[in-house]
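For the single chain, residues carry numbers from 1 onward in sequence order.
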Amino acid sequence: MSQPAGPLAGLRVLDLTRVLAGPTCTQMLGDLGAEVIKIERPEAGDDTRGFAPPFWPETKESAYFLGVNRNKKSVTLDMAKPEAQAILHRLLETTDILVENFKVGALAKYGLGWEQLRTKYPRLIYCSITGFGQTGPYAPRPGYDALIQAMGGVMSLTGEPNGSPQKVGIPVADLFAGLYGCIGILAALNHRNATGEGQQIDIGMLDTHVAWLANQGMNYLATGENPPRLGNQHPNISPYQEFPTKDGYIILAVGNDPTFERFCKAFGCEHLLADARFATNPSRVANRDLVTATLTPVMKTRTTAEWVQALEAQKIGCGPINTLKDVFADPHVQARGMTLEMDHGSGAKVKVIANPVKLSATPPTYRSAPPVLGEHTEEVLSGLLGMSAAEIAALREKGVL
């Protein structure tokens, strides 16, 4: 593994996370230059190593694991053993950030709880990511993405008006929790730079889920009424939805009245501008079913590609509804470098999705592929802690590693 580079170079992260929310957070820190030491269970490793199929071709790694574990060193330790706990404390002596997603209070039995570490390591930034946070009546409960999407309200907003509630097709509750954790860590680093003081960051997946309810959450707070499911329509703008075309579907995003006027004049609907039900966005929102019924025949007159060309010429927001094959073949996605190939420890090459943060002076770096289980155990124990080959062999014999 090459030396870290990037805005967080020189920082060390002890990664006690697994599955998705925590690893998302620590991969972001790694991409930004931090050295991330990922602690995994001997033989089993992170649960997501077994979240398959699919496995990446020519490897024993799941595609899921590869997605959120690059730029990390994998060290296997059985944390239940005192020798492993002693190793973790030695690592903590030079660690800046600890990230964990154990159940509330679970790390205390290993001597690794926040209250146990805060005095001994006063500069330590300790980020805890759980389903429901460290306090409150639900704190002891386990957190799962679909559960949080259900309890956090997004499922009540997603799906067709007369259909059943739907979760989002990717684990957004996990991903947002990881990203909010990273934001909290960066804020805590700035505070530590100013004061020398570390702190705990308490991230609850349900909290972060409520926080990104955004306009729909505010719609409820303003009215006291539950927003209905609208399928692909926007709750506050119309037309802003999918329409069928001659050969598929397209998203039409008319963000304001001047844009709607431009649409009508360009595509034979100018008569709608004299109709009070179409004249303003609030009127169109109040009559959304009429707007949909009126524009659907119009949108069916051209293919998706023809509409994209025509609408873009009018500077009207639009886009095809892409499959993932379409997404990764898209020339803009390719031009932005949103995938890359890395040399994996198995000898194979693996493709991963790139970091979207574009920094002009200190961009993200891709120093190492997601590690094979325990790939860096000897490197870390010998190189960082100065342990001899005999000491490491003895720990393996005891099942510590």
Side-chain angles (χ1 to χ4, degrees), residues 1-9 12-13 15 17-76 169-171 174-175 178-179 182 322-359 362-380 382-384:
M1 181 177 287
S2 60
Q3 290 299 309
L8 300 185
R12 179 168 292 141
V13 179
D15 181 358
T17 72
R18 58 201 183 281
V19 189
L20 187 55
T24 296
C25 174
T26 53
Q27 178 170 273
M28 178 66 77
L29 298 172
D31 286 355
L32 296 177
E35 178 190 26
V36 180
I37 300 175
K38 181 179 178 72
I39 306 301
E40 300 190 71
R41 294 170 296 166
E43 300 184 4
D46 189 315
D47 299 318
T48 60
R49 290 185 183 272
F51 284 13
F55 291 99
W56 191 266
E58 301 179 30
T59 78
K60 296 180 180 179
E61 302 292 356
S62 71
Y64 195 121
F65 177 83
L66 294 174
V68 285
N69 284 289
R70 65 172 170 258
N71 289 332
K72 301 179 185 182
K73 298 178 179 180
S74 174
V75 174
T76 52
I170 57 172
D174 274 308
L175 297 172
L179 294 176
C182 187
N322 287 332
T323 64
L324 295 195
K325 181 178 180 179
D326 299 326
V327 171
F328 289 114
D330 189 288
H332 186 83
V333 173
Q334 293 182 350
R336 296 287 286 175
M338 283 309 299
T339 62
L340 63 140
E341 195 171 64
M342 305 185 78
D343 293 318
H344 187 254
S346 64
K349 290 186 179 293
V350 299
K351 283 186 178 179
V352 294
I353 300 171
N355 193 306
V357 178
K358 313 293 185 186
L359 295 169
T362 54
T365 59
Y366 305 97
R367 304 179 303 282
S368 66
V372 173
L373 179 61
E375 181 176 344
H376 305 96
T377 301
E378 280 79 6
E379 175 188 327
V380 170
S382 62
L384 189 58

Answer yes or no: is there a side-chain heavy-atom contact under 4.5 Å between [X] and [Y]?
X      : Y      : result
Ile170 : Leu175 : yes
Pro356 : Met338 : yes
Leu8   : Leu29  : yes
Leu384 : Ile37  : yes

According to the ring-ring contact (aromatic ring centres under 6.0 Å, His included) rule, which pairs have a member within residues 55-74, sequence neighbours left out?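 Of all non-adjacent pairs touching residues 55-74, those that pass ring-ring contact (aromatic ring centres under 6.0 Å, His included) are Phe51-Tyr64.
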Determine the minimum heavy-atom distance between [X] and [Y], stating which atoms define it.
X      : Y      : value
Asn355 : Arg70  : N-NH2, 3.5 Å
Val350 : Ala369 : CG2-CB, 4.4 Å
Val75  : Thr377 : CA-OG1, 3.5 Å

Checking side-chain hydrogen bond (donor to acceptor under 3.5 Å, both in side chains) between Glu40 and each of Arg49, Arg18, Lys72, which is the one that passes?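 Per the side-chain hydrogen bond (donor to acceptor under 3.5 Å, both in side chains) rule, the option paired with Glu40 is Arg49, out of Arg49, Arg18, Lys72.
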Per the side-chain hydrogen bond (donor to acceptor under 3.5 Å, both in side chains) rule, which among Thr26, Asp46, Asn71, Thr17 passes with Lys38?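 Between Lys38 and the candidates, side-chain hydrogen bond (donor to acceptor under 3.5 Å, both in side chains) is satisfied uniquely by Asp46.
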A quick test of your reading: do over 12 heavy atoms of other residues, nucleotides or ligands sit less than 6.0 Å from [atom1] of [X]?
X      : atom1 : answer
Leu359 : CG    : yes
Glu341 : CD    : yes
Lys325 : NZ    : no

Side-chain ([X]) to main-chain ([Y]) donor-acceptor, under 3.5 angstrom:
X      : Y      : value
Gln27  : Pro370 : no
Ser346 : Ala348 : yes
Glu35  : Ala9   : no

In Å, rounded to the nearest 0.5 Å, how long is the span from [atom1] of [X] to [atom2] of [Y]?
X      : Y      : atom1 : atom2 : result
Arg41  : Leu373 : CZ    : CG    : 9.5 Å
His344 : Leu66  : NE2   : CG    : 5.5 Å
Asp31  : Cys182 : CG    : SG    : 9.5 Å

Between Asp326 and Thr323, is the side-chain contact (heavy atoms from CB on, under 4.5 Å) condition met? List the steps. CA-CA 5 Å; Asp326 299 326; Thr323 64; 3.0 Å; yes
Can you name the side-chain hydrogen bond (donor to acceptor under 3.5 Å, both in side chains) partners of Lys349, sequence neighbours left out?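 For Lys349, the residues satisfying side-chain hydrogen bond (donor to acceptor under 3.5 Å, both in side chains) (neighbours in sequence not counted) are Asp343.
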Please evaluate residues Val372 and Glu61 with respect to the criterion side-chain contact (heavy atoms from CB on, under 4.5 Å), reporting the C-alpha separation (whole Å), side-chain torsions for both, the decisive distance (0.1 Å), and the verdict. CA-CA 8 Å; Val372 173; Glu61 302 292 356; 4.3 Å; yes
With side-chain contact (heavy atoms from CB on, under 4.5 Å) as the criterion, how do Asp174 and Thr24 come out once you've worked through the C-alpha distance, each side chain's angles and the decisive distance to 0.1 Å? CA-CA 8 Å; Asp174 274 308; Thr24 296; over 6 Å; no
